[in-house]
**Student:** 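The following block contains the structure, expressed as structure tokens.
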Amino acid sequence: MQLSLMAPRSEAELMARAEALAGRVLRDVAAVVSMPVPADLRHHKGWVGHLVERALGASAASRDEPDFVGLDVELKTLPVDERGHALESTFVCTVPLREIGEVDWAESRVRRKLARVLWIPIEGMRHKPLGDRRVGAPLLWSPTREQEEALRFDWEELAGVIGRGDIESLTGHLGRHLQVRPKAAHGGVRARSIDAEGGMLETLPRGFYLRAQFTEAILRQAFGG
DNA sequence: GATTGATCATAC
DNA sequence: GTATGATCAATC
């Protein structure tokens, strides 16, 4: 397997690398980039994502930059079962609680993050040892007009609730494709939002997530099935 | 069995 | 604490 630690300079180069990963097991990919394989993901939830980042030459994680500098492509691994069904929702970005009521969809973080995504489906069945799980065929995706309209509808509804100061009434049930759920290290973390009178309110940080059915539909449209 | 709310690791 | 990468696990 040929892998460079240098950043890919074009989408074509990025795709070629991603396609070279398809069909391989995580144990082999990890060996190439010198990452130990944990026994399971319970204490290493981000391991698969970091592994693929390194294998594709993404810039270092945990910085507020695109995954591939200059390419403006967001990398997302997606756990799937043996039939290709998505096993988890996909985290998109944190919710800017204080400002979201004054932001339009067009300039939203969600729209920016999802404008161009490289999806890498990876076996995620818990019964399968991590090192044995296979990487699937990559998909470089941008939302269709229909998909973007659907996302915009959900986003505006969710942003509206938060902007009105109703964050505490917002649950993961709202939103057909996009939802808002907690995103924090633990239940004691606080973030600032606004209440119904426009005052300050401390609450759990939240994130936008894509429902599993939505990402599954993206794969299905591309690969059939 | 699917889904929501809770949580885990690491870099800075 | 804030950002990145997500999955776990209790509950519906």
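Numbers restart at 1 for each chain; the letters A, B, ... are given by sequence-line order, proteins then strands.
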**Student:** For the residue pair T94(A) / R109(A), report whether a side-chain donor-acceptor contact shorter than 3.5 Å exists.
**Tutor:** yes
**Student:** When the distance from CZ of R126(A) to C1' of dA6(C) is rounded to whole Å, what number comes out?
**Tutor:** 12 Å
**Student:** Check each residue of residues 89-109 of chain A for a non-hydrogen atom within less than 4.0 Å of any atom in DNA chain B, then write out the ones that pass by number, or none.
**Tutor:** none
**Student:** Looking only at heavy atoms, what is the nearest atom pair of L201(A) and D195(A), with distance?
**Tutor:** CD1-CB, 3.5 Å
**Student:** Check side-chain hydrogen bond (donor to acceptor under 3.5 Å, both in side chains) between W141(A) and all other residues, then give those that pass, not counting sequence neighbours.
**Tutor:** Q147(A)
**Student:** Which of residues 36-46 of chain A have a heavy atom under 4.0 Å from DNA chain C?
**Tutor:** L41(A), R42(A), K45(A), G46(A)
**Student:** Quick one: do K76(A) and E74(A) make a salt bridge, cutoff under 4.0 Å?
**Tutor:** yes
**Student:** Taking side-chain contact (heavy atoms from CB on, under 4.5 Å) as the definition, give me every residue that meets it alongside E102(A), ordered by chain and number, with sequence neighbours left out.
**Tutor:** none
**Student:** Tell me the closest heavy-atom pair linking P182(A) and L204(A), and the distance in Å.
**Tutor:** CB-CD2, 3.7 Å
**Student:** Specify the residues of residues 204-212 of chain A, ordered by number, for which at least one heavy atom lies under 4.0 angstrom from an atom of DNA chain C.
**Tutor:** Y209(A)
**Student:** In residues 154-170 of chain A, which residues come under 4.0 Å of DNA chain C by heavy atom?
**Tutor:** none
**Student:** Show me the pairs that pass salt bridge (charged side-chain N to carboxylate O under 4.0 Å, His left out) and involve residues 43-52 of chain A, at least two apart or across chains.
**Tutor:** none
**Student:** Is there a donor in the side chain of S89(A) and an acceptor in the side chain of R181(A), or the other way round, less than 3.5 Å apart?
**Tutor:** yes
**Student:** Would you list the atom pairs, donor with acceptor, under 3.5 Å between side chains in residues 216-225 of chain A and any protein atom, with sequence neighbours excluded?
**Tutor:**
unit_1, atom_1, unit_2, atom_2, d
E216(A), OE1, A86(A), N, 3.2
E216(A), OE2, H85(A), ND1, 2.7

**Student:** At what angle, to 10 degrees, do the two end axes of the helix from dG1(B)-dC12(C) to dC12(B)-dG1(C) meet, given five pairs define each axis?
**Tutor:** 30°
**Student:** Nearest whole angstrom, please: distance from the C1' of dA6(C) to the CG of L26(A).
**Tutor:** 14 Å
**Student:** Tell me: CZ of R112(A) to P of dT4(C), nearest whole Å?
**Tutor:** 11 Å
**Student:** Under 4.0 Å, heavy atom to any atom of DNA chain C: which of residues 173-192 of chain A qualify?
**Tutor:** R181(A), K183(A)
**Student:** If you look at every heavy atom in L114(A) and V117(A), which pair is closest and at what distance?
**Tutor:** CA-CG2, 3.8 Å
**Student:** Would you call E156(A) and R111(A) a salt bridge, taking side-chain N to carboxylate O under 4.0 Å as the test?
**Tutor:** no
**Student:** Any idea which heavy atoms bring L151(A) and W105(A) closest together, and the distance?
**Tutor:** CB-CH2, 3.9 Å
**Student:** Using the test side-chain hydrogen bond (donor to acceptor under 3.5 Å, both in side chains), find all partners of T90(A) that sit at least two apart in sequence or belong to another chain.
**Tutor:** none
**Student:** Would you kindly say whether S142(A) and R116(A) are connected by a side-chain donor-acceptor distance under 3.5 Å?
**Tutor:** yes
**Student:** Identify the heavy atoms of R17(A) and P8(A) that sit nearest to each other, and give their distance.
**Tutor:** NH1-CD, 3.6 Å
**Student:** Taking atom C1' of dA9(B) as reference, at what distance in whole Å does atom CZ of R54(A) sit?
**Tutor:** 15 Å
**Student:** My understanding is that only residues two or more places apart in sequence, or in another chain, count here; which of them pass side-chain contact (heavy atoms from CB on, under 4.5 Å) with V161(A)?
**Tutor:** R164(A), D166(A), S169(A), L170(A), L174(A)
**Student:** Taking only Lys NZ, Arg NE, NH1 and NH2, and the carboxylate oxygens of Asp or Glu, determine whether E149(A) and R145(A) approach each other closer than 4.0 Å.
**Tutor:** no
**Student:** Quick one: which of I194(A), V180(A), V95(A), I167(A) gives a side-chain contact (heavy atoms from CB on, under 4.5 Å) with I100(A)?
**Tutor:** V95(A)
**Student:** dA2(B) P sits how many Å from L87(A) CG, rounded?
**Tutor:** 9 Å
